[in-house]
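Computed over heavy atoms, backbone and side chain alike; hydrogens, waters and symmetry mates excluded. By convention in this document, chain letters (A, B, ...) are assigned in the order of the sequence lines, proteins followed by strands, and residues within each chain are numbered from 1. Remember, predicted model here, so these are calculated numbers, not experimental data.
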Amino acid sequence: MNLEFSADEIAFRDEVRAFIKENYPQNAEIRGADDLTREQFLAWHKILAKKGWVAPAWPVEYGGTGWTATQRYIWSEENAAVDAIMPLPFGVAMVAPVIYTFGSQAQKDRYLPKILSGEEWWCQGYSEPGAGSDLASVKTTAVRDGDHYVINGQKTWTTLAQHADWGFFLCRTDPEADKPQKGISFILIDMKTPGIEVRPIITIDGGHEVNETWLTDVRVPVENRVGEENMGWTYAKFLLAHERSGIAGVARSKRGVERLRSLASTELLDGEPLIEDRDFARKISQLEIDLTALEFTELRTLAGEAQGKGPGPESSILKIKGTEIQQRLTELTLEAAGNYGHPYFRGFPEDGSNARPIGPDYAPASAPLYFNMRKTSIYGGSNEIQRNIISKMILGL
Amino acid sequence: MNLEFSADEIAFRDEVRAFIKENYPQNAEIRGADDLTREQFLAWHKILAKKGWVAPAWPVEYGGTGWTATQRYIWSEENAAVDAIMPLPFGVAMVAPVIYTFGSQAQKDRYLPKILSGEEWWCQGYSEPGAGSDLASVKTTAVRDGDHYVINGQKTWTTLAQHADWGFFLCRTDPEADKPQKGISFILIDMKTPGIEVRPIITIDGGHEVNETWLTDVRVPVENRVGEENMGWTYAKFLLAHERSGIAGVARSKRGVERLRSLASTELLDGEPLIEDRDFARKISQLEIDLTALEFTELRTLAGEAQGKGPGPESSILKIKGTEIQQRLTELTLEAAGNYGHPYFRGFPEDGSNARPIGPDYAPASAPLYFNMRKTSIYGGSNEIQRNIISKMILGL
Amino acid sequence: MDFNFTEEQSMIRDSLARLIREKYDFDTRRAALSSELGRDAAMWAQFAELGLLMAPFSEEDGGLGGNAIDAMVVMEEFGKGLVTEPFIPSVVCGGGFLRSAGTASQKEHHLGGIMSGEQIFAFAYAEPRGRYNLADLETSAKSDGSGYVLNGHKAVVIGAPWATHFIVTARTSGGQRDAGGVSVFIVEKDAKGVSTRDYPTVDGRRASEVYFENVSVPAEHLIGEADNGLPLVEQIADEAVAALCAEACGVMGVAHKMTVEYSRQRKQFGTPIGKFQVLQHRMVDMFMEHEQSVSMTYMATLKLGESEIERKKAASAAKVKIGQAGRFVGQEAIQIHGGMGMTEELAVGHYFKRLTMIDAELGNVDHHMKRYTALSAGDVSVAAE
Amino acid sequence: MDFNFTEEQSMIRDSLARLIREKYDFDTRRAALSSELGRDAAMWAQFAELGLLMAPFSEEDGGLGGNAIDAMVVMEEFGKGLVTEPFIPSVVCGGGFLRSAGTASQKEHHLGGIMSGEQIFAFAYAEPRGRYNLADLETSAKSDGSGYVLNGHKAVVIGAPWATHFIVTARTSGGQRDAGGVSVFIVEKDAKGVSTRDYPTVDGRRASEVYFENVSVPAEHLIGEADNGLPLVEQIADEAVAALCAEACGVMGVAHKMTVEYSRQRKQFGTPIGKFQVLQHRMVDMFMEHEQSVSMTYMATLKLGESEIERKKAASAAKVKIGQAGRFVGQEAIQIHGGMGMTEELAVGHYFKRLTMIDAELGNVDHHMKRYTALSAGDVSVAAE
């Protein structure tokens, strides 16, 4: 048992670090996903595409890097350290593994290269209104009409669909199936197909990150179905297992704690730096300790995976604790802002509604970020669902 | 809306306070219920019996004082302020209301005076092994044999049964009843009847407060049944509703916080009084604030009762929060004791096993008290059951 | 001891509740908040008409003879309807300063206006670097013989865009955080040298940065004693805290009720989520937090008239409890609503946001916990702060 | 990076687990603890026989060439079986001082005895008024030319009734809480002027108050540098903290497992209580607390060899987490067991008690949180403390 990286791993880390330092686009600031343009989202992706580093987890034959689990860990740590805007998960991490695992050769050839290049932007069509964490309760129907499906229904929480070229959708192809999990198919849809309407959902932070997607008599070629008809739930579950990796967000939260420490050093309380206040300092310490516990729990999980244990229900711990820590970070940041947590400047400067934010730089975003991050304990299987999973799969209750 | 007592109430408080000051037996220290002798338990009870103040809540005709709800509140506050050992609830607060409400005239005449005088000590025979908060799952049977019941079964958690003269027992008289709540009878049993065996249960704090009570062919006259045969659950529920009043323990917890403040003023941390440590002081403040919230919630409940609203499911809040605060108090006391929380001197000096406790006066009892108080969130309907009650009765879920 | 409302108080509650229900539904409110003015000024006129704005003033001062309990009743209803109108800044704070320490002439000039709704006061106490310490003042007021000259910058003055007058705290002597040397002034918004930068707040209200540049304030605009204004400021801040707690109770109660209601209707895996025991117990905890918050609000409101130390401890204890309860109730209301709770469109998110920001107003949990602790230890310097 | 155990470590774990299972079941343990000696000394001999007591020592020192990870393995198993034998006082602390700073002669006199189990050390650091501050010492050691004269009172010295030797911290110079001026001595228990008052502890161990009255200690019994012993004391205390954390993980794991098992069998209202979602989620939280505690214990153990500040932060972070997790897991284990959990007769209560007292040993949550915070702020004085 030891904590050291091997010499090779250290060399790899140095290479990665140097590459990021030289190539990461300087102007790609993160301010909240919905404030970014499509180009800003894709800037780093396109640089990585040239380097061949977009999709480290893919098999090498499709464009993966062939890195070990530890190398991939180092890669995400190093990116997090500069708050890099990574390739979006919907294409690279979600639909692509389904395509290269279950898709036809034609599908692989058609879709994977453009996911790698960033040419085609993907969105998810899983969730439906009222379904919440019960993803198998799919009401959107796909009815066969010759060599097309005719699709009708409504999807929701389609993240960044306003930019998307393609979407992967779960549709019910057999309404008579005896279980909700049966009779679902996994279909790829060109978002420019007539009959698709994407309507913004504005969230409580005022942002536009998610959408409702309405499908009315949308005609999709049958060849766009991945795998077998009615077997979509199998692919969907496979995808969800992939979605969970990296969900702990340790490296990003570490950066967040650093940032919190730094801003709490400039904020004052009774004329002294806020960070010297025992109560506030203690809260940061607690957060950092919880984060260390999460970090080493993730490392233990990684070590298990390296030995061939798949990412099992243990990853639910990472989801629960990771999101609790992310939420706590935004909570403490808002607290640090004090009175300057109140002013609201969303949309500046594009919409011209307000001249210039007020208070310290980080403050105007502090409340919206706190509000926004409440989503993390709801999405990706709510934290209650994660506890149900552990209870059932690990404790056997 | 106002917080003042009326002039009459103030006069009453002064009278009560003076009476306690003059009459409360000086040597009746509390050290943990099981350390007290029967005589110590009854010392104050017997003085109150002479004064006629044993049972303020009883109807005047049976020996009650006729006080208003506010007067009774003042009475318990004033007793708590000196940590008085009050008359035990099993007779005065539990079985007596059942007897005077549902019992025969003969039963009233036979039992109530000796409860008031303290001559007869009562214990409860409700809980059975394995039943927990599910009190209606009664397995002890009472089979009619002429003018007697023959009783067989086992009861548990019979508090202080080692001192008891009488017990009230729930027994199943109709094993065929279609619901567990039906077919139960409420029977009074002389604890000296042949076939009764009381065995100590030692708790994790090392104390002997509760017992198992085994009943083997115990013959009890039918006239000892209260009310109708098979209707015992009705009386049991009535009794449980009475049990809950005063469960918040506000006045006693206030004394506890004072004591905690005082001992934290003598304990040192880095050479300074522990109470000046920001972390410890904050924990006391939090406890005191929670206690204030409980106090005013209880006062609001009392005000509601004074207007004729019975003690409804709201009293579950008092149980939950009251016990959480009592537990927290012992937790902080143990924390204050630091290293001196470790030594164990239970039984001193009676059993002579150890010469003299070590460390500050309060310290040797701090861990046992903390251990012992874990019971409070379990007994009287566990705090989980209380939440079920609120969920069902108040939220309608 | 008595926890009943008077007939007048019950009447205020009922008519205000009716008015809000009928004239300030969620969509009307939203439209008003996103209008340029950021409010529906007609509501204020109707509140005045109902007598709300005069409720907490003595009959001698021209009011209805009520007290802080009337303000509590009003603010709880405001909370239920998420009303953003400036009752606390104008009636509780502006009115409070005048009622407690105003000269006959000051009362004559302003009380009528406050009660009719024609004058709106805002309380300019916070500063960019002062956080929640009411004595931490960089704004200065220099005596120039006939009056004072004000210079400084007040931060996040709630309701300032709608105000006609400010109550301004400024340092007339002493060091930056000294208890002594604080004075309180009435400043007209249109006085020369006053400028504002207006903006919305994250919970739908309006506020301003207020700048004073060599603003001449006549001596008769000083409220209370020069240099000894801090005890008065603390008193009014405590009254505002009690009113804010009442608002929070209203907000929490509705957030809880909405959540219970939603959990009954929303099905997952074929079952109403309100049947899941984990959510049931969490809603029970929300219920208990709300109940205890109501208890603490009564307590703090009833103790406003007690000794200075009792009043301060009560206000701080209540604000701590409400801050903690509000955080819990707000977060869980969103969590139990799931994705829907995250949308602008549903009301519950707005209740959550208001609860969040109430903690960040007039001192958060840590601030009041520290104040309470210091008062409990009998630390005179903090007690006086 | 590697989280695997060596073959030797796995062997130690397996044979120790078997020994405890076979020879130290709950009733045997109970009988041993309530005997006059308070332990089953034969166990210690068997541990020695298994090589446990020599596992963490280098081969050069006559040990098996293991390290802190071996101690971690041993203590986790001790935790699972609630073993009260003095592995931490004697092997981790006594052995640790000798290994890190012992002279050749000291090693020669004591290491063999510790490894064979014939010598038992106890670590006498705490004082009646010093709480968890390792430098807060009233015990004095005055140089008398040829050696030192010790006077003082050490509080709650765990394992002292069974000890043959004490490691004693004493002040050779400086003020009562100064970082400088601390020295460390080996004192034989039967030295003249040493007296003890023995007693059981609430979690079934034995401890003593140890009194030194003009005890002559030869100069060669000083371990490490005179006056500069604190860094060494802190190092060994951190090693003991890591071992204590490992014990806590063992305790927590069993408490959790027992609770899950009980919840499957125990029925209430006709249903196994493990079917109630509220209890399920609570057992999930217990599971997560245990998992995270294991992670923190690995982390702290692996960082014992890093820089002083990294080592200290790691040990304090782990002790904080373990204190919090232990409290939660212990309390909920009792709560879910209900009344049965309250009885002496069931094992779970003993696991709860041990978890409780681990937090009160070598610094509780508040102590280590403060230390961690100070270290994070780079406060040199506390870092050196």
Straight-line distance of [X] [atom1] to [Y] [atom2], nearest 0.5 Å:
| X | Y | atom1 | atom2 | result |
| --- | --- | --- | --- | --- |
| C:Arg282 | B:Ser391 | CZ | OG | 13.0 Å |
| C:Ser376 | B:Ile289 | OG | CD1 | 7.5 Å |
| C:Ile69 | B:Asn2 | CD1 | CG | 7.5 Å |
| B:Leu318 | C:Met288 | CG | CE | 10.5 Å |
| B:Ser285 | C:Lys313 | OG | NZ | 8.0 Å |

Among the options B:Leu302, B:Thr297, B:Ile320, pick out the one with the most heavy-atom pairs lying under 4.5 Å from chain C.
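Between B:Leu302, B:Thr297, B:Ile320, the count favours B:Thr297.
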Which of B:Ile394, B:Leu294, B:Ile317 touches chain C most, by non-hydrogen pairs under 4.5 Å:
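The option with the most such pairs is B:Ile317.
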Considering only heavy atoms from C-beta outward, does the side chain of [X] approach that of [Y] to under 4.5 Å?
| X | Y | answer |
| --- | --- | --- |
| B:Arg387 | C:Gln280 | no |
| B:Gln386 | C:Val284 | no |
| C:Met299 | B:Leu299 | no |
| C:Gln324 | B:Gln286 | yes |

Can you say whether [X] sits under 4.5 Å from chain B via the side chain, the backbone, both, or neither, judging by heavy atoms?
| X | answer |
| --- | --- |
| C:Asn67 | neither |
| C:Gln277 | side chain |
| C:Glu261 | neither |
| C:Met286 | neither |
| C:Ser263 | side chain |
| C:Phe287 | side chain |

Could you walk me through whether B:Ile390 and C:His281 pass side-chain contact (heavy atoms from CB on, under 4.5 Å), step by step?
CA-CA 9 Å; B:Ile390 296 176; C:His281 281 207; over 6 Å; no
CD of C:Glu7: more than 12 outside heavy atoms within 6.0 angstrom?
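Counting neighbours around CD of C:Glu7, 12 or fewer heavy atoms of other residues, nucleotides or ligands fall under 6.0 Å, so no.
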Minimum-distance pair of heavy atoms, taken over all atoms of [X] and [Y]:
| X | Y | value |
| --- | --- | --- |
| C:His256 | B:Leu395 | CE1-CD2, 3.4 Å |
| C:Phe3 | B:Met1 | O-CE, 3.5 Å |
| B:Glu288 | C:Tyr372 | OE1-OH, 2.6 Å |
| C:Ser295 | B:Ala293 | CB-O, 3.8 Å |
| B:Arg282 | C:Val365 | NH2-CG1, 4.1 Å |
| C:Lys321 | B:Asp290 | NZ-OD1, 3.6 Å |

Measuring heavy-atom distances to chain C, does [X] have an atom under 4.5 Å in its side chain, in its backbone, in both, or in neither?
| X | result |
| --- | --- |
| B:Lys321 | side chain |
| B:Glu295 | neither |
| B:Ala281 | both |

Has the side chain of B:Arg300 got a donor or acceptor atom that lies under 3.5 Å from a matching backbone atom of C:Tyr298?
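Flag not set: sc B:Arg300 to bb C:Tyr298 has no pair under 3.5 Å.
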